[in-house]
Amino acid sequence: MAQEDLESKYRALRRTVGELQSVVVAFSGGVDSTLVLRVALDVLGAQNVLAATARSPSFPPHELEGAEKLAGLLGARHRLFDSDEMSDEDFSANPPDRCYFCKRELFNKLAGIAAEEGLKSVAEGSNSDDEGDFRPGLRAAEEMGVRSPLREARLTKADVRALSKRLGLPTHDKPSFACLASRIPYGERITEEKLARIEKAEALLRGMGMRQFRVRSHNGIARIELGQDEDMTALVEPRARARISAELKSLGFHYVTLDLEGYRSGSMNEVLKQGGTDSTADRNGGSKRVH
């Protein structure tokens with residue numbers, strides 16, 4: 001029955017993509033947008049599809065390079081453009097609906113690219129699981145007529161991974177990623193300096209073999225979240241612990257902590273669910289990318 005349900009959703013996805021006629025895909029190189037791009041290429045043909053990726057301080061260089069390589073692997077036309085969300089005070093002030101302002105700016109740029117390229121639609125990669133969390137960016141998509149084929153076909157994250165594996169996509173088991181701004185609690189100002197500090201801290205852990213993790217930045221405190229499949233002992237072994245502490249402090253963090261609950265998507269939203277977003281709660285309790 002599960003396989004039949006997945007087949008039904010896949011057919012729905014192809015029908016939805018077919019309705020687009022021609023499309024600019026907001027492409028991060030993550031598991032979701034990669035599936036959207038692959039199906040768009042299959043259904044519409046490469047001449048009717050453009051992958052577009054934003055250069056931004058909140059999108060790490062290694063992710064940008066990965067998106068470029070992946071677009072080439074899939075045979076997609078690919079365009080890079082600069083995102084200007086940091087110049088938007090509504091974004092950099094970091095309110096709970098910050099993603100709305102980021103996505104609004106992003107989708108405006110993509111709409112302009114679509115017009116330049118003579119393409120009829122813009123699509124992004126949210127899946128149906130995203131409806132269960134606080135996702136202001138979805139409101140921007142709906143307001144601007146940006147299509148979300150995975151959501152429309154009711155594909156969950158697990159469905160996306162299963163279809164990606166079936167289609168031979170290298171992203172089928174890629175860890176989830178969200179923009180670096182999601183590491184900063186609501187109410188604490190987003191700056192390029194903070195984003196660069198977080199990017200370097202996460203690069204250190206990635207270089208130590210970690211795959212699913214986050215370094216959340218709480219007003220000078222680095223809170224490390226590790227995925228359940230990661231080996232926590234690799235970080236708390238004395239030499240590794242000393243190295244991580246020293247290197248993160250050299251980046252400007254005052255304290256380095258390990259979150260015993262581990263990695264969970266949208267952990268900065270937990271303070272919203274607890275009913276408050278005052279500055280103390282934001283700094284001490286925690287509370288996304290998208291991309």
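What you see below is based on every heavy atom in this structure, not just the backbone, and it leaves out hydrogens, waters and symmetry mates. Computed from a prediction, not measured in an experiment: that's the story for all the values here.
For the residue pair Ser33 and Ser28, a side-chain donor N or O sits within less than 3.5 Å of a side-chain acceptor on the partner. For Glu193 and Thr191, the side-chain atoms include no donor-acceptor pair closer than 3.5 Å. For the 3.5 Å distance criterion, the side chains of Gln21 and Ser121 fail to qualify, holding no donor opposite an acceptor.
Between the CG atom in Leu110 and the CZ atom in Phe81 there is a gap of 4.5 Å [rounded to 0.5 Å]. Here Ile198 contributes atom CD1 and Ile184 contributes atom CD1; the two are 4.0 Å apart, rounded to the nearest 0.5 Å. Rounded to the nearest 0.5 Å, atoms CZ (Arg77) and CD (Glu117) are 5.0 Å apart. From Lys194, atom NZ reaches atom CG of Leu251 across 15.0 Å, with rounding to the nearest 0.5 Å. Here CD of Glu89 is found 10.5 Å from CZ of Phe101. Values are rounded to the nearest 0.5 Å. Taken to the nearest 0.5 Å, the CD atom of Glu68 stands 13.5 Å off from the CG atom of Leu73.
At a threshold of 4.0 Å, the pair Lys157-Asp32 counts as salt-bridged, since one of the basic side-chain nitrogens sits closer than that to a carboxylate oxygen. Salt-bridge check for Arg154 with Asp159: failed, with every basic side-chain N at 4.0 Å or more from each acidic carboxylate O. A salt bridge does not link Arg15 with Glu19: none of the charged nitrogens is closer than 4.0 Å to a carboxylate oxygen. Salt-bridge formation is not detected for the pair Glu230/Arg211: no Lys NZ or Arg NE/NH1/NH2 atom is positioned less than 4.0 Å from an Asp or Glu carboxylate oxygen. The pair Arg166-Glu7 meets the salt-bridge criterion, with a side-chain N (NZ, NE, NH1 or NH2) lying under 4.0 Å from an Asp/Glu carboxylate O. For the pair Lys103 and Glu124, the salt-bridge criterion is not met [side-chain N within less than 4.0 Å of a carboxylate O].
No donor-acceptor pair closer than 3.5 Å links the side chain of Asp88 to the backbone N or O of Glu85. At distances below 3.5 Å, at least one donor-acceptor pair connects side-chain atoms of Glu105 with backbone N or O atoms of Asp84. Checking side-chain atoms of Glu188 against main-chain N and O of Asn219 turns up a donor-acceptor pair under 3.5 Å.
Counting only heavy atoms from C-beta outward, the side chains of Val39 and Pro149 never approach each other to under 4.5 Å. Residues Glu143 and Tyr100 form a side-chain contact, since some pair of their non-hydrogen atoms from C-beta on lies under 4.5 Å apart. With a 4.5 Å cut-off on side-chain heavy atoms, Asp42 and Arg38 count as touching. A 4.5 Å side-chain heavy-atom check between Met86 and Pro57 finds at least one atom pair inside the cut-off. Using a 4.5 Å heavy-atom threshold, the side chains of Phe27 and Leu70 count as touching. Taking 4.5 Å as the limit, every side-chain heavy atom of Val24 sits out of range of all side-chain heavy atoms of Arg79. Using a 4.5 Å heavy-atom cutoff, the side chains of Thr34 and Ser164 are not in contact. Two residues are said to be in side-chain contact when any heavy atoms from C-beta on lie closer than 4.5 Å; Ser58 and Ile190 fail this criterion.
Both the sub-6.0 Å distance and the 45° axial angle are not jointly satisfied by Arg98 relative to the ring of Tyr186.
Phe91 and Leu180 end up in the same hydrophobic cluster when Ile, Leu, Val, Met, Phe, Trp and Tyr side chains are linked at under 4.5 Å. A continuous path of Ile, Leu, Val, Met, Phe, Trp and Tyr side chains, each step under 4.5 Å between heavy atoms, connects Leu13 with Val31, placing both in one hydrophobic cluster. Linking Ile, Leu, Val, Met, Phe, Trp and Tyr residues whenever their side-chain heavy atoms come within less than 4.5 Å places Leu235 and Phe253 in a single cluster. Placement of Leu44 and Leu50 in two distinct hydrophobic clusters is found when ILVMFWY residues are connected by side-chain heavy-atom separations under 4.5 Å, directly or transitively. Under the 4.5 Å side-chain contact rule for hydrophobic residues, Val122 and Val23 do not share a cluster.
In this structure, Gln47 places its CD atom where more than 12 heavy-atom neighbours from other residues, nucleotides or ligands lie under 6.0 Å away.
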* To do: Please test Glu65 against Lys69 for salt bridge (charged side-chain N to carboxylate O under 4.0 Å, His left out), starting from the C-alpha separation and ending with a verdict.
  => CA-CA 6 Å; Glu65 293 168 9; Lys69 291 178 181 177; 5.4 Å; no

* To do: Could you walk me through whether Lys109 and Asp82 pass salt bridge (charged side-chain N to carboxylate O under 4.0 Å, His left out), step by step?
  => CA-CA 9 Å; Lys109 289 277 180 71; Asp82 292 316; over 6 Å; no

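Tested against Asp259 for a salt bridge (Lys or Arg N to Asp or Glu O under 4.0 Å), the candidates Arg214, Arg216, Arg223 yield a single pass: Arg223.
Between Pro185 and Asn94 the shortest heavy-atom distance is O-ND2, 2.7 Å.
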